[in-house]
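Data block below; observations after.
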Number of protein chains: 2
Amino acid sequence: MMSSDVKRVMLPIVGQPSPERADAARNRRALLAAAQTILTERGIDALSMDRVAARAGVGVGTVYRRFGDRAGLALALLDDTELRFQAAFLSGPPPLGPGAPPVARIRAFLHAYVDRLETEAELHAFADTKSPTARHRSGAYRTARAHLVALLSMADPTADVNYLADALLAALGAGLFLHQRQELGFDAARVKAGLDHLLIAVTEPRCGSGLTL
Amino acid sequence: MMSSDVKRVMLPIVGQPSPERADAARNRRALLAAAQTILTERGIDALSMDRVAARAGVGVGTVYRRFGDRAGLALALLDDTELRFQAAFLSGPPPLGPGAPPVARIRAFLHAYVDRLETEAELHAFADTKSPTARHRSGAYRTARAHLVALLSMADPTADVNYLADALLAALGAGLFLHQRQELGFDAARVKAGLDHLLIAVTEPRCGSGLTL
DNA sequence: GCTTGAATCGGAGCATCCTCCGGTTCCGAT
DNA sequence: ATCGGAACCGGAGGATGCTCCGATTCAAGC
């Protein structure tokens, strides 16, 4: 009864109270692998929850416990690049990371986001299909938004940076990007140039009256 | 037999080759009325195709023939206000209609759009849930876009107006608006002020170098 | 009226998203 | 080794979007 004290210290590493059971981790890996396979083999239209479950050899309920819903599965598939992206703009080398002037960092952020959309737009769009506000509630969106708010407030403390951050991110919507690439025939450079134009306009100090409406 | 000549003149009004069969028109009205009733009585979450069909006393197939899909039903419900809106900015009194300077017309357009979202945002969002690019393919979007492109090119012929029109409309997305109103606690005035800021920035002539990136 | 071709109707049926809950598996503690 | 409870598994099943096609209804021409 005295040795129990020692054993109870069985440290829970650091984060979650229960890290994850072995079978659960195995299933999660199998599900992500199955989803990736279906994605590359048959395209995003074939990426249904039932199919992913069948391909991974588990029940449908397991998919939903792991990922919550279809959007959660898509976000999990994007998790690797998302984490790398966040690391890059939070603590990577400039101009994306700290060290460059705010406007240059925002510009690097926008361009890097476009580069992500170039290969992941369909998956981003898929993640947004569940609800029209799903995108804005995701952790990825909140992080990006907070980053832009911080940089914008350095660049122009007089502006409504909370509004502007959402406006810039709206211009980076996956649906809009697909429309620009497929319907309008824009290339990535044109999208980036448009974003540059927006960014300059928004962060450049007013010169005229500023109230010429 | 000679009266047949008179009968054959049964003019098809003007537009469609076959105006619409009587039963079809009756069903369309019944379906729209049923949808409107469900919408006001039980909210948008209860607006399913099956329920609309049952409420109108017709089969589900009829709903799909009339409206194509869920987005089509939503657009049909918005058709009245959409037509009024288009009439207002295409041929109504200034500043929304012709007669005012381009930037003032754009500003009036943005404000009027916000006013629509104030009462119709959920329906707009519902119409967008089918596909991420559904919004951009709709006739309403194309009309609004063309209008903005025309006005923007008058205000600033040197800009990429095709990009800017979409960027402004992205800031008017229903999902973003709901997020701003519900999650962020913005009121309509703040959204309009943010749009004004964007508009001024985008249309105001450059004063600095213009390439300070 | 009646005929007749064509447009429309309607609901069975399929695919998908998601929920629910009884049975099973894991893993720390003894 | 084993035990017990917490966590997990899985598939039946409800709800919904959408499709398909035989039965029905409309309306133009006689």
Side-chain angles (χ1 to χ4, degrees), chain A residues 1-13 16-31 34-35 38 42 44-74 126-127 129-131 134, chain B residues 1-12 16-31 34-35 38 42 44-74 126-131 134:
Chain A
M1 37 181 73
M2 29 202 51
S3 67
S4 64
D5 281 341
V6 178
K7 282 191 159 179
R8 192 177 295 127
V9 186
M10 234 358 215
L11 64 157
I13 308 298
Q16 288 68 10
S18 62
E20 188 174 51
R21 239 170 66 172
D23 52 350
R26 197 183 329 129
N27 278 334
R28 188 165 45 77
R29 276 193 298 274
L31 285 168
I38 292 173
R42 303 208 218 175
I44 198 146
D45 288 338
L47 191 64
S48 74
M49 301 299 259
D50 289 34
R51 217 189 298 265
V52 171
R55 182 79 177 227
V58 304
V60 183
T62 303
V63 187
Y64 282 94
R65 196 171 322 94
R66 281 285 90 77
F67 303 111
D69 55 20
R70 200 178 21 158
L73 175 61
F126 184 86
T129 47
K130 202 208 168 187
S131 135
Chain B
M1 28 185 81
M2 30 198 54
S3 65
S4 64
D5 280 341
V6 178
K7 281 186 161 181
R8 191 177 294 129
V9 186
M10 250 333 234
L11 63 158
Q16 290 66 11
S18 63
E20 189 174 53
R21 238 169 66 172
D23 52 349
R26 196 183 329 127
N27 278 334
R28 187 165 46 77
R29 277 192 299 272
L31 285 167
I38 292 173
R42 304 207 215 175
I44 198 148
D45 288 338
L47 191 63
S48 74
M49 302 298 260
D50 288 32
R51 217 190 296 268
V52 171
R55 182 78 177 228
V58 304
V60 183
T62 303
V63 187
Y64 283 92
R65 195 169 324 92
R66 280 286 90 75
F67 303 111
D69 54 21
R70 200 178 23 159
L73 174 61
F126 184 85
D128 295 343
T129 47
K130 204 210 167 185
S131 134

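All heavy atoms count here, side chains included; hydrogens, waters and symmetry mates do not. Each chain gets a letter, A, B and so on, in the order the sequences are listed, and its residues count up from 1.
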Each nucleotide N or O in nucleotides 22-25 of chain D that has a protein N or O under 3.5 Å away: list the pair and distance.
from	atom 1	to	atom 2	distance (Å)
dT25(D)	O2	Arg21(B)	NH2	3.4

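Atom-to-atom, NZ of Lys130(B) to P of dC17(C) comes out at 15 Å; the value is rounded to the nearest Å. What separates CD1 of Ile44(B) from P of dT16(D) is a distance of 14 Å, to the nearest Å. dC9(D) atom P lies 11 Å from atom CZ of Phe67(A), rounded to whole Å. One can place CZ of Arg70(A) at 12 Å from P of dT19(C), the figure rounded to the nearest angstrom.
Closest to the Met49(A) side chain, of the nucleotides dC17(C), dC26(C), dT16(D), is dC17(C). With dG17(D), dT8(C), dC9(D) as the choices, the nucleotide that has an atom nearest any side-chain atom of Arg66(A) turns out to be dC9(D).
A pairwise comparison of heavy atoms in Ala71(A) and Ala127(A) identifies CB-O, 3.3 Å as the closest pair. Nearest heavy atom pair, residue Phe126(B) against residue Ile44(B), reads CB-CD1, 3.7 Å. Heavy-atom minimum distance, Leu47(A) versus Ala35(A): CD1-O, 3.7 Å.
In this model, the phosphate group of dT16(D) is approached by a side-chain N or O of Arg51(B) to a distance below 4.0 Å at OP1 or OP2. OP1 or OP2 of dC9(C) has at least one side-chain nitrogen or oxygen of Asn27(B) nearer than 4.0 Å.
Here the CG atom belonging to Asp69(A) is positioned 6.5 Å from the CE atom belonging to Met49(A), to the nearest 0.5 angstrom.
Toward the 5' end of DNA chain D, the nearer of the two residues Asp50(B) and Arg26(B), judged by each one's closest nucleotide, is Asp50(B).
At the heavy-atom level, Arg28(B) lies nowhere under 4.0 Å from the strands shown.
Qualifying side chain to side chain donor-acceptor pair (under 3.5 Å) partners for Arg28(A), counting only residues two or more places apart in sequence or in other chains: Glu20(A).
Looking at residues 56-65 of chain A, you'll see Val58(A), Gly59(A), Val60(A), Gly61(A), Thr62(A), Arg65(A) sit with a heavy atom under 4.0 Å from some atom of DNA chain D.
For the pairing with Arg55(B), the side chain to side chain contact (heavy atoms under 4.5 Å, CB included) check across Ile38(B), Asp50(B), Leu31(B) returns one residue only, Ile38(B).
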